[in-house]
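Input: a single structure, listed below in structure tokens.
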Amino acid sequence: MSSSLSIHLLHNSLRLHDNPPLYEISTSAAAESMIPLYIITSKSPFSQSDEVNKVNKSRANFCLESLEDFDNSLKAISPTQRLICLQSKDYDTSSPDPDVEYAETLKSFLTQFPDTTDVTIYYERDTSGPILRRWRMVLDEVVAPKDNVSVKLFETNNLHPLDNYLAKSKGNPPNSYGSFCKIFNSLSSPAPCLPTVATLPPPPKLIKGSYDIPKLDDLENVDQTTGGKGSFKGGETEALKRLELTVVKNCDWAATFEKPKTSPNSLNPSTTLLSPYVKHGCISPRLFYHKLSEAYEKSTKPNSSPPVSLHGQLLWREYNYLHGYATPNFDKMVGNPSARQIQWDDDPALLKAWKDAETGFPFIDAIMTQLKETGWIHHLARHMVACFLTRGDLYLSWEEGAKVFEERLVDADWSINNFNWQWLSCTAHFYQYFRCYSPIAFGKKTDPNGDYIRKWIPALAKMPKKYIYEPWEAPLAVQQAASCIVGKDYPNRIVENHTTTSKNNMSRIAESYKLHKEAAAAAAAAAKSKKRKSTSD
DNA sequence: CCGATCGTTGGATGG
DNA sequence: GCCATCCAACGATCG
């Protein structure tokens, strides 16, 4: 008996709203001979949270924790068992090359269906470096060698296919956000969202539970705070709740949102907190975009605009993805044509102090503590600690900082993370290195009392307002009264003097820029002479 | 070629 | 508290 096989290869959470591959596969699954298989791969603690696992497992007849399990269970698969949920760990260090292993596993999986005449892989493309690499491995190792395997690719992880932007800019991504916005505005509105996938194949008998498809009108208020560990619930249901709360029900707030007016150190985050859900595919960026448009329409207040508006935030995402897609070695300095080559210091002890929230600068340490404990910090807080690690104070490589964020941020997104580290370190896109964040002054603007510091660093809770950002300035008697002796209850500064250090670092950046300019000029001259030579030949 | 201008979100100071 | 102004070690773009 011959049949066709459809595979939904998914690297994120399985969402039901605006999910083109799932929509297409589920609407075409009527064909008797078709065996739809949903294969989920996901590395993040966030999307492997209990919530997501629960939802995904309820839709699967197999939920495998590793590629080894997957392999071992192949023999158990039969055409009547229709849904498969595979959760693999992208950063499984025990495998020499998880991407090769992944492709090999998929290939051997297909051999279990020798009678299939056609295999179609449905895939929502993600251009993030590591995910793109894995996908290319699948194309090379699984799709290309087989005549009966084809691909249905959906470019819906972004508002438009990234190549559509590039086509408008002669193949090179625009190097300012403003130029990118012009390109975006010259395109038609992002494609409308697809209907919710409400009819999945029936659950196999061996699985308990039912398909819990979230409905917008079921929603209740959700806690917006990130008060502690585990306060992010994974999954699409939670994402839709947050969208409903922050955008649909609160359209005036959404329509007048201005990012710079939000605070890096308010105790209750002043942004939507939807980034983890966008990143993990729990919510479609197109759904987010169009819901925002509706909120703008509905609100009677004057709407804010890019770059500061909420639409503007989604456009920043597009812009960052575009650079991540078009730039070789985007996550590195060496071999990255848009990155200034800077001789960063290498000091593991300083890096560790930054990572472990032991720099002796309360604002830095509070931010790094919030990151460690909740997985989320405000965008401007990211600026603050990124500047401090790189050009501002420690003069360590932005690549090291990016790795820590990648590991710890619940919304860590390869394109956005690397773009921002390059920006903050004055490596690319932003070059005004004389604009430097002060670990003492910056936080005071929005939190003069230091409540944010008191919350995340209990040792400093009783430090008087006057010294909360620079406790080393407090006289010993004051430190004693606050039960916080600097050097004993709270670390000494790892940078003696921010002002002189940052000034010195500026001259180091200037030196690197000078070398860059000379190298660029030499390269241009060489290219010119080569061209002259070739035309004269 | 030059100068003006602008670039998501700096700091210090003074009104 | 809010705003304007200056500071000033930048670079891409545009007229």
Side-chain angles (χ1 to χ4, degrees), chain A residues 169-170 172-184 256-266 269-271 275 304-323 337-343 361 363-364 367 377-388 390-393 395 416-417 419-449 465 469-470 497-521 524:
Chain A
S169 58
K170 297 172 187 165
N172 293 315
N175 50 21
S176 79
Y177 179 76
S179 346
F180 172 76
C181 288
K182 281 182 192 158
I183 292 171
F184 183 85
T256 57
F257 179 93
E258 291 182 43
K259 186 68 167 283
K261 289 192 177 165
T262 62
S263 155
N265 46 10
S266 60
S270 46
T271 49
S275 57
S304 53
S305 325
V308 298
S309 64
L310 281 175
H311 262 168
Q313 306 310 299
L314 285 175
L315 295 197
W316 271 105
R317 177 176 180 272
E318 298 291 289
Y319 180 54
N320 288 187
Y321 262 82
L322 190 55
H323 276 281
S338 70
R340 291 285 160 94
Q341 303 297 301
I342 296 171
Q343 292 303 306
F361 288 86
F363 190 39
I364 302 294
I367 294 168
I377 51 180
H378 186 276
H379 185 61
L380 289 180
R382 302 178 195 201
H383 279 208
M384 177 72 252
V385 295
C387 182
F388 185 87
T390 58
R391 66 185 166 91
D393 295 85
Y395 216 76
I416 299 171
N417 190 33
F419 184 97
N420 277 300
W421 275 97
Q422 289 172 52
W423 182 290
L424 265 299
S425 62
C426 287
T427 286
H429 311 290
F430 177 81
Y431 305 99
Q432 292 165 268
Y433 53 77
F434 41 85
R435 288 193 179 173
C436 181
Y437 291 84
S438 160
I440 295 139
F442 186 63
K444 285 184 186 174
K445 288 193 292 188
T446 43
D447 180 23
N449 192 46
K465 173 184 177 179
Y469 282 88
E470 37 191 346
N497 183 318
H498 162 74
T499 308
T500 54
T501 299
S502 61
K503 289 268 186 276
N504 182 51
N505 288 347
M506 287 175 199
S507 61
R508 295 183 71 182
I509 299 267
E511 188 59 31
S512 290
Y513 277 21
K514 200 177 142 197
L515 292 174
H516 167 82
K517 222 170 183 173
E518 288 167 8

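Chain identifiers are assigned alphabetically (A, B, ...) following the order of the sequence lines, protein sequences preceding nucleic acid strands; residue numbering begins at 1 within each chain.
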*Measure the distance from CD on Q422(A) to P on dG7(B) and round it to the nearest whole Å.*
21 Å
*Euclidean distance for P, dC6(C) against dA4(B) (whole angstrom)*: 15 Å
*Just call it for K503(A): base, sugar-phosphate, or nothing, with non-hydrogen atoms closer than 4.0 Å on any strand.*
base
*Please check the phosphate of dT13(C) (OP1 and OP2 only) for any side-chain N or O of N175(A) closer than 4.0 Å.*
yes
*Donor-acceptor under 3.5 Å (Y469(A) side chain, P448(A) main chain)*: no
*When all nucleic acid strands are considered with a 4.0 Å heavy-atom cut-off, which category describes R508(A): base, sugar-phosphate, or nothing?*
nothing
*May I have the distance from Y177(A) (atom OH) to dG7(B) (atom P), rounded to whole angstrom?*
12 Å
*Provide the distance between the two P atoms, one in dT5(C) and one in dT5(B), to the nearest whole Å.*
14 Å
*Please examine the side chains of Y395(A) and N504(A), heavy atoms only from C-beta on, and report whether any two atoms are closer than 4.5 Å.*
no
*Within less than 4.0 Å of OP1 or OP2 of dG11(C), is there a side-chain N or O belonging to K517(A)?*
yes
*Mind checking who dT9(B) pairs with, Watson-Crick or G-U wobble, both distances under 3.5 Å?*
none
*Under the 5.5 Å and 30° test, is Y433(A) stacked on the base of dC10(C)?*
no
*Please state how far atom CG in N505(A) lies from atom C1' in dA9(C), giving the value in whole angstrom units.*
12 Å
*Side-chain heavy-atom pair Q432(A), C426(A) within 4.5 angstrom cut-off*: no
*May I ask you to say what F434(A) touches in the nucleic acid, namely base, sugar-phosphate or nothing, with a heavy-atom cut-off under 4.0 Å?*
base
*asked:* Students often get this wrong, so: under 4.0 angstrom with heavy atoms, is S507(A) touching a base, only sugar-phosphate, or nothing?
replied: base
_Side-chain H-bond candidate by donor/acceptor type, N265(A) with H378(A), under 3.5 Å_ = no
*Can you tell me, in whole Å, how much space there is between the P of dT9(B) and that of dG1(C)?*
24 Å
*Expressed in angstrom and rounded to an integer, what is the separation of M506(A) atom CE from dG11(B) atom P?*
10 Å
*Between W421(A) and N417(A): side-chain donor-acceptor atoms closer than 3.5 Å*: yes
*Choose from dT9(B), dT8(B), dG11(C) the nucleotide whose nearest atom is closest to any side-chain atom of R340(A).*
dG11(C)
*Which nucleotide, dG10(B), dT8(B), dG11(C), lies nearest any side-chain atom of Y513(A)?*
dG11(C)
_Please classify the nucleic acid contact of G178(A) as base, sugar-phosphate, or nothing, using heavy-atom distances under 4.0 Å._
sugar-phosphate
*When you check the glycosidic angle of dA9(C), does it come out syn, meaning within 90° of 0, or anti?*
syn
*Find the distance H498(A):NE2 to dA12(B):P and express it as a whole number of Å.*
8 Å
*Considering only the P atoms, how many Å lie between dA8(C) and dG14(B), rounded to the nearest integer?*
15 Å
*asked:* Using the P atom as the point on both nucleotides, what is the distance between dC7(C) and dT8(B), in whole Å?
replied: 24 Å
_Length of the line joining I440(A):CD1 and dG10(B):C1', which is rounded to integer Å_ = 14 Å
*Check the distance between dT5(B)'s P and Y431(A)'s OH and give it to me in whole angstrom.*
23 Å
*In the structure shown, which nucleotide is the Watson-Crick or G-U wobble counterpart of dA9(C), with both distances under 3.5 Å?*
none
*Could you state the atom-to-atom distance from NZ of K444(A) to P of dG1(C) in whole Å?*
14 Å
*Indicate, with a heavy-atom threshold strictly under 4.0 Å, whether H379(A) touches base, sugar-phosphate, or nothing.*
base
*Any side-chain N or O of K445(A) less than 4.0 Å from the OP1 or OP2 oxygen of dG1(C)?*
no
*Contact under 4.0 Å: R435(A) side-chain N or O vs dT9(B) OP1/OP2*: yes
*Using 30° and 60° as the class limits, which term best fits the ring planes of H429(A) and F419(A): parallel, tilted or perpendicular?*
parallel
*Measure the CG-CZ distance between D447(A) and F442(A) for me, rounded to the nearest 0.5 Å.*
12.0 Å
